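One structure below.
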Amino acid sequence: MQRTRDDGYEVSTDPARLDRDVIHDFLRGAYWSPGLPRDVFERSLLHSIPFGLYGPDGRQAGFARVSSDRVALAYLGDVFVLPDHRGHGLGVWLVRCVLEHPELQDVRRWYLATADAHELYRRFGFENAGDPERHMFRERSAEELYGGPRP
Ligand SMILES: CC(C)(COP(=O)(O)OP(=O)(O)OC[C@H]1O[C@@H](n2cnc3c(N)ncnc32)[C@H](O)[C@@H]1OP(=O)(O)O)[C@@H](O)C(=O)NCCC(=O)NCCS
């Protein structure tokens, strides 16, 4: 999948285009995956649809990825726009591109976790789980798994 905005920004799911150094550098410092080891990051790409966001100069400007069976569940994670590119609607556009991906149109349940970007996702129909009695999940923290940020 490849989309281009009028101002030259692009979203592409081509894994070969990803600037893995830039993405890993952001994610190992992100609040949800502090200390993310490089090999774990690479493995997460192997099993995901990666959505690279690129500036008009072709350089990495953001990222998101989806892990899914394409039917019952899709997990949207590692969503970010690099600081220099924020505030121009790119986060919204990136999430829209993800949700419009042709292979993900039959998904029954989308899942994501966020500390403070609820409003971004709410506009696409995401809601807080309405019936906690029906939903269970098992979680291990990034700190527990990776031991926190590394130099
Ligand atoms: C969240 C993020 C992707 C938004 O990117 P962006 O390109 O600046 O976003 P947009 O310009 O498309 O605007 C996002 C909209 O969501 C809103 N929003 C809600 N929560 C937000 C948050 N925590 N951060 C930024 N915007 C937020 C904005 O106010 C804006 O609404 P508006 O269009 O009514 O002004 C970006 O700030 C980012 O990478 N943050 C750090 C990583 C992160 O927190 N990722 C989300 C993890 S779930």
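Here the structure is a predicted model, which means the values were calculated and not measured. All ligand and atom numbering here is 1-based and tracks the order in the structure.
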For ligand 1 and [X], I'd like to know whether there is a polar contact (N/O to N/O, distance under 3.5 Å).
X    : value
V79  : yes
D116 : yes
V92  : yes
V81  : yes
Y31  : no

Is D21 salt-bridged to R38, cutoff N-O under 4.0 Å?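 Yes, charged N to carboxylate O under 4.0 Å.
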- Task: Give a yes or no on whether a salt bridge exists between E10 and R3, defined as a side-chain N under 4.0 angstrom from a carboxylate O.
- Result: no
For G87, the atoms of ligand 1 under 4.0 Å from one of its heavy atoms are 6 (P), 7 (O), 8 (O), 11 (O)
Atoms of ligand 1, numbered as shown, that sit under 4.0 Å from any heavy atom of L120: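 Near L120, meaning under 4.0 Å from one of its heavy atoms, ligand 1 has 16 (O), 19 (C).
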Quiz prompt | V71 side chain near V107 side chain, heavy-atom distance below 4.5 Å | solution = no
Subject >> P34 vs R28 side-chain heavy atoms within contact, under 4.5 Å >> reply: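 Sidechains of R28 and P34: no contact.
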- Message: Heavy atoms only, cut-off 4.0 Å: how does A115 contact ligand 1, side chain, backbone, both, or neither?
- Response: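 It is neither part, as no heavy atom is under 4.0 Å.
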**Asked** For the ring pair Y9 and H88, is the centre-to-centre distance below 6.0 Å?
**Response**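 When the ring centroids of Y9 and H88 are compared, they turn out to be at least 6.0 Å apart.
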Identity and distance of the protein heavy atom lying nearest [atom]:
atom                    : answer
atom 24 (N) of ligand 1 : A117 CB, 4.9 Å
atom 34 (O) of ligand 1 : R123 NH2, 3.3 Å
atom 11 (O) of ligand 1 : G89 N, 2.7 Å

**Spacing of CG belonging to L53 relative to CZ belonging to F80, to within rounding of 0.5 Å** =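 Rounded to the nearest 0.5 Å, the CG-CZ separation comes out at 9.0 Å.
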| message | For the CZ atom of R20 and the CG atom of L27, what is their distance to the nearest 0.5 Å? | response |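 Here the interatomic distance stands at 12.5 Å.
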Shortest heavy-atom approach to [atom] - which of [options]:
atom                    : options             : value
atom 43 (C) of ligand 1 : W93, F80, W32, Y121 : W32
atom 37 (O) of ligand 1 : R96, H88, R86       : R86
atom 4 (C) of ligand 1  : A113, G91, A61      : G91

Q) Any cation-pi pair here, R17 with Y54, using under 6.0 Å and within 45°? A)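 Verdict for Y54: a cation-pi partner in R17.
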H118 near ligand 1, heavy-atom distance under 4.0 Å?
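Distance cut 4.0 Å: H118 fails for ligand 1.
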inquiry  = Other residues, nucleotides and ligands only: do more than 12 of their heavy atoms fall within 6.0 Å of OH on Y31?
reply    =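 Count over threshold, so yes.
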